[in-house]
Enquirer: 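Have a look at the structure that comes next, please.
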Amino acid sequence: GPMDSLMGKMRQAPWSCQLVCIWIQPFVIVIIVQALYQVIAFFPNQTYLYWAENATQCKSHLPDIVLDLHDENEANHLTTISDILPAVGLVATVVLCIITKDIDVWAMFTMSMSFLTFFNAICEASTVIPSSYGYDRCLDYLGIKSAVEYRFSVNLTGSCVAMLWSGHTVNVMLPTYAICTLLGRHYACTWLLQSSKIGPEGRTLFMWLAAAVMSTLLLLNKGHYTMDIEIAILMATLTLTHDTLQAYLTHFFTRQAMNVNGLDKEYELLQSGSTSFLKTAA
């Protein structure tokens, strides 16, 4: 499409200090939001530990139609794989965005992550859901023997009560969608950006496939409740496929990069026929 053509021109443009500064802006926002999440996550986790310590009937997970099917509840290779997959996707997306110089996908990826992480933090802090691991495994995971030993620490894979929606699932869906978009724009895999015979675009189908793989890993190891995964899939899908929301999240950075490379007029002309938000912002 026209946007893909513009991104192709962006790829031919040389890097500059001004352009690098624009790329750094959404990355800084991600770091700030992730740091805020780490701080906020300490408090619901602390609340859960003291609550579960004194509520003996709640040391296990809540009733869950899938988790109740098996007794596996120890950290194992499934845990390791589910932790590694989002990290691999993150690195691959960053590298591919830089290679293609696609500021639009870079902004979509980083700002969508920030948006979802911020609201996830609010949800976790507002309503504390007992860990799907259970109390004893949570203590082992944190390396402590009781709630009183719990201290603040940075945990990139989430706390014991990072429930309500699964960060693992979201963080494997975001890079899958971004990578498929980049492959469709810059590497002749245009079918990824086209609607399939069953309706959704190819990139959306691959995103759901990645979510299905992650869901299986998490449920087999009691890494999340079934509800967490369902909400995560819904939230990530709606965030990435909502054109107006994506316009709010990405337009500021994409327009700056276009201005630097002298493509601002083409970009504004393209966006003049898009959403009402972009019409007023142009």
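Count residues from 1 along the sequence. Hydrogens, waters and symmetry mates play no part in the numbers below; they use all other heavy atoms, side chains included. Everything numeric in this text was worked out from a predicted model, so none of it was measured.
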Enquirer: Go through it in stages, so that I can follow the logic: the residues are Leu49 and Leu142, the test is side chain to side chain contact (heavy atoms under 4.5 Å, CB included), and I'd like the CA-CA distance, side-chain angles, deciding distance and then a yes or no.
Expert: CA-CA 11 Å; Leu49 290 173; Leu142 296 171; 3.9 Å; yes
Enquirer: Same cluster or not: are Val88 and Leu174 linked, directly or through other Ile, Leu, Val, Met, Phe, Trp or Tyr residues, by side-chain heavy atoms under 4.5 angstrom apart?
Expert: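 No; Leu174 is not reachable from Val88 via cluster members.
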Enquirer: Please evaluate residues Leu219 and Ile229 with respect to the criterion side chain to side chain contact (heavy atoms under 4.5 Å, CB included), reporting the C-alpha separation (whole Å), side-chain torsions for both, the decisive distance (0.1 Å), and the verdict.
Expert: CA-CA 9 Å; Leu219 292 172; Ile229 295 168; 3.7 Å; yes
Enquirer: Are the side chains of Thr239 and Gln246 in touch, meaning some heavy atoms are under 4.5 Å apart?
Expert: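 In short, these two side chains touch, coming nearer than 4.5 Å.
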Enquirer: Return yes if a side-chain donor-acceptor contact under 3.5 Å exists between Asn155 and Thr157, otherwise no.
Expert: yes
Enquirer: Give a yes-or-no answer on whether the side chains of Thr237 and Trp208 include a donor-acceptor pair shorter than 3.5 Å.
Expert: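 Result is yes, a qualifying pair exists.
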Enquirer: What is the distance from atom NE2 of His61 to atom CZ of Arg137, rounded to the nearest 0.5 Å?
Expert: 11.0 Å
Enquirer: Going from CG on Asp228 to SG on Cys123, what distance comes out if it is rounded to the nearest 0.5 angstrom?
Expert: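 One gets 11.0 Å once the value is rounded to the nearest 0.5 Å.
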Enquirer: Indicate, with yes or no, if Leu238 and Leu205 share a hydrophobic cluster defined by side-chain heavy-atom contacts under 4.5 Å among Ile, Leu, Val, Met, Phe, Trp and Tyr.
Expert: no
Enquirer: Give the intermediate values and the outcome of side-chain hydrogen bond (donor to acceptor under 3.5 Å, both in side chains) for residues Tyr133 and Asp140.
Expert: CA-CA 10 Å; Tyr133 285 166; Asp140 291 339; over 6 Å; no
Enquirer: What distance separates Leu96 CG from Leu183 CG, expressed to the nearest 0.5 Å?
Expert: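 The distance works out to 6.0 Å.
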Enquirer: Check whether any side-chain heavy atom of Phe206 lies under 4.5 Å from a side-chain heavy atom of Leu192, and answer yes or no.
Expert: yes
Enquirer: Can you find a heavy atom in the side chain of Met214 that is under 4.5 Å from one in the side chain of Leu85?
Expert: yes
Enquirer: Are more than 12 heavy atoms, taken from residues, nucleotides or ligands other than Asp71, located less than 6.0 Å from that residue's CG atom?
Expert: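 Result for CG/Asp71: open.
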Enquirer: Between Asn171 and Gly167, is there a donor-acceptor pair closer than 3.5 Å when you use the side chain of the first and the backbone of the second?
Expert: yes
Enquirer: Testing the 3.5 Å rule here: is there a donor-acceptor pair between the side chains of Asn221 and Thr79?
Expert: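 Note: Asn221 and Thr79 side chains meet the donor-acceptor criterion.
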Enquirer: Sort and list the pairs that fulfil ring-ring contact (aromatic ring centres under 6.0 Å, His included) and have at least one residue in residues 217-236, not counting sequence neighbours.
Expert: none
Enquirer: For the residue pair Val148 and Arg151, what are the closest heavy atoms and their distance?
Expert: O-NH1, 2.8 Å
Enquirer: Go through it in stages, so that I can follow the logic: the residues are Lys222 and Asp64, the test is salt bridge (charged side-chain N to carboxylate O under 4.0 Å, His left out), and I'd like the CA-CA distance, side-chain angles, deciding distance and then a yes or no.
Expert: CA-CA 10 Å; Lys222 288 185 166 65; Asp64 184 285; over 6 Å; no
Enquirer: Decide side chain to side chain contact (heavy atoms under 4.5 Å, CB included) for Glu124 and Trp165; before the verdict, give the C-alpha distance in whole Å, the side-chain angles of both, and the deciding distance to 0.1 Å.
Expert: CA-CA 9 Å; Glu124 288 179 20; Trp165 78 59; over 6 Å; no
Enquirer: Is Leu234 linked to Val170 within one hydrophobic cluster, defined over Ile, Leu, Val, Met, Phe, Trp and Tyr using a side-chain heavy-atom separation of less than 4.5 Å?
Expert: no
Enquirer: Is the shortest heavy-atom distance from the side chain of Glu201 to the side chain of Trp191 under 4.5 Å?
Expert: no
Enquirer: Got a sec, which pairs hit ring-ring contact (aromatic ring centres under 6.0 Å, His included) with one end in residues 75-113, sequence neighbours left out?
Expert: Trp23-Trp106
Enquirer: Is there side-chain contact between Ile233 and Ser215, with heavy atoms separated by less than 4.5 Å?
Expert: yes
Enquirer: I'd like to check Val94 versus Phe27 (side-chain heavy atoms, cut-off strictly below 4.5 Å). Are they in contact?
Expert: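 In short, these two side chains do not touch, never coming nearer than 4.5 Å.
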Enquirer: Looking only at heavy atoms, what is the nearest atom pair of Leu240 and Ser112, with distance?
Expert: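 Looking at all heavy atoms of both residues, the shortest contact is CD2-OG, 3.8 Å.
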Enquirer: Could you measure the distance from the CE atom of Met113 to the CG atom of Asn120? Nearest 0.5 Å is fine.
Expert: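 The CE atom of Met113 sits 12.0 Å away from the CG atom of Asn120.
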Enquirer: Any side-chain heavy atom of Ile231 within less than 4.5 Å of one from Leu164?
Expert: no
Enquirer: Taking Tyr50's backbone N and O only, do any of them form a donor-acceptor pair with Asn54's side chain (distance below 3.5 Å, no angle check)?
Expert: yes
Enquirer: How long is the gap from CD1 on Ile129 to CE on Met227, to the nearest 0.5 Å?
Expert: 5.0 Å
Enquirer: Are Phe42 and Tyr150 an aromatic pair by the rule of ring centers under 6.0 Å?
Expert: yes
Enquirer: Would you say the side chain of His242 lies within less than 4.5 Å of the side chain of Thr244, judging by non-hydrogen atoms?
Expert: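 Result yes, sub-4.5 Å side-chain heavy-atom pair found.
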Enquirer: Kindly write out the residues that satisfy side chain to side chain donor-acceptor pair (under 3.5 Å) with Glu149, not counting sequence neighbours, or none if the list is empty.
Expert: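 Testing Glu149 for side chain to side chain donor-acceptor pair (under 3.5 Å), a comparison that skips the adjacent residues, returns none.
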Enquirer: Would you give the length of the straight line joining atom CE of Met207 to atom CD1 of Ile179, rounded to the nearest 0.5 angstrom?
Expert: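 Those atoms lie 13.0 Å apart.
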Enquirer: With hydrophobic residues grouped by side-chain heavy-atom distances under 4.5 Å, do Phe118 and Met173 end up in a single group?
Expert: yes
Enquirer: Of all heavy-atom pairs between Ala41 and Ser159, which one has the smallest distance, and what is that distance?
Expert: O-OG, 4.3 Å
Enquirer: Are Ile122 and Ile32 connected into the same hydrophobic cluster when the rule is that any two of I, L, V, M, F, W, Y join if their side-chain heavy atoms are below 4.5 Å apart?
Expert: yes
Enquirer: Between Leu218 and Thr169, is a side chain to side chain contact (heavy atoms under 4.5 Å, CB included) present by the stated rule, with each step listed?
Expert: CA-CA 9 Å; Leu218 292 171; Thr169 305; 3.6 Å; yes
Enquirer: Using every non-hydrogen atom in the two residues, find where Thr93 and Leu182 come nearest and quote the distance to one decimal.
Expert: O-CD1, 4.4 Å
Enquirer: Of all the heavy-atom pairs spanning Cys138 and Tyr48, show the shortest one and how long it is.
Expert: SG-CE2, 4.2 Å
Enquirer: Specify the closest pair of heavy atoms between Ala257 and Ile22, including all atoms of both residues, with the distance to one decimal.
Expert: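 Smallest interatomic distance, heavy atoms only, reads N-CD1, 3.7 Å.
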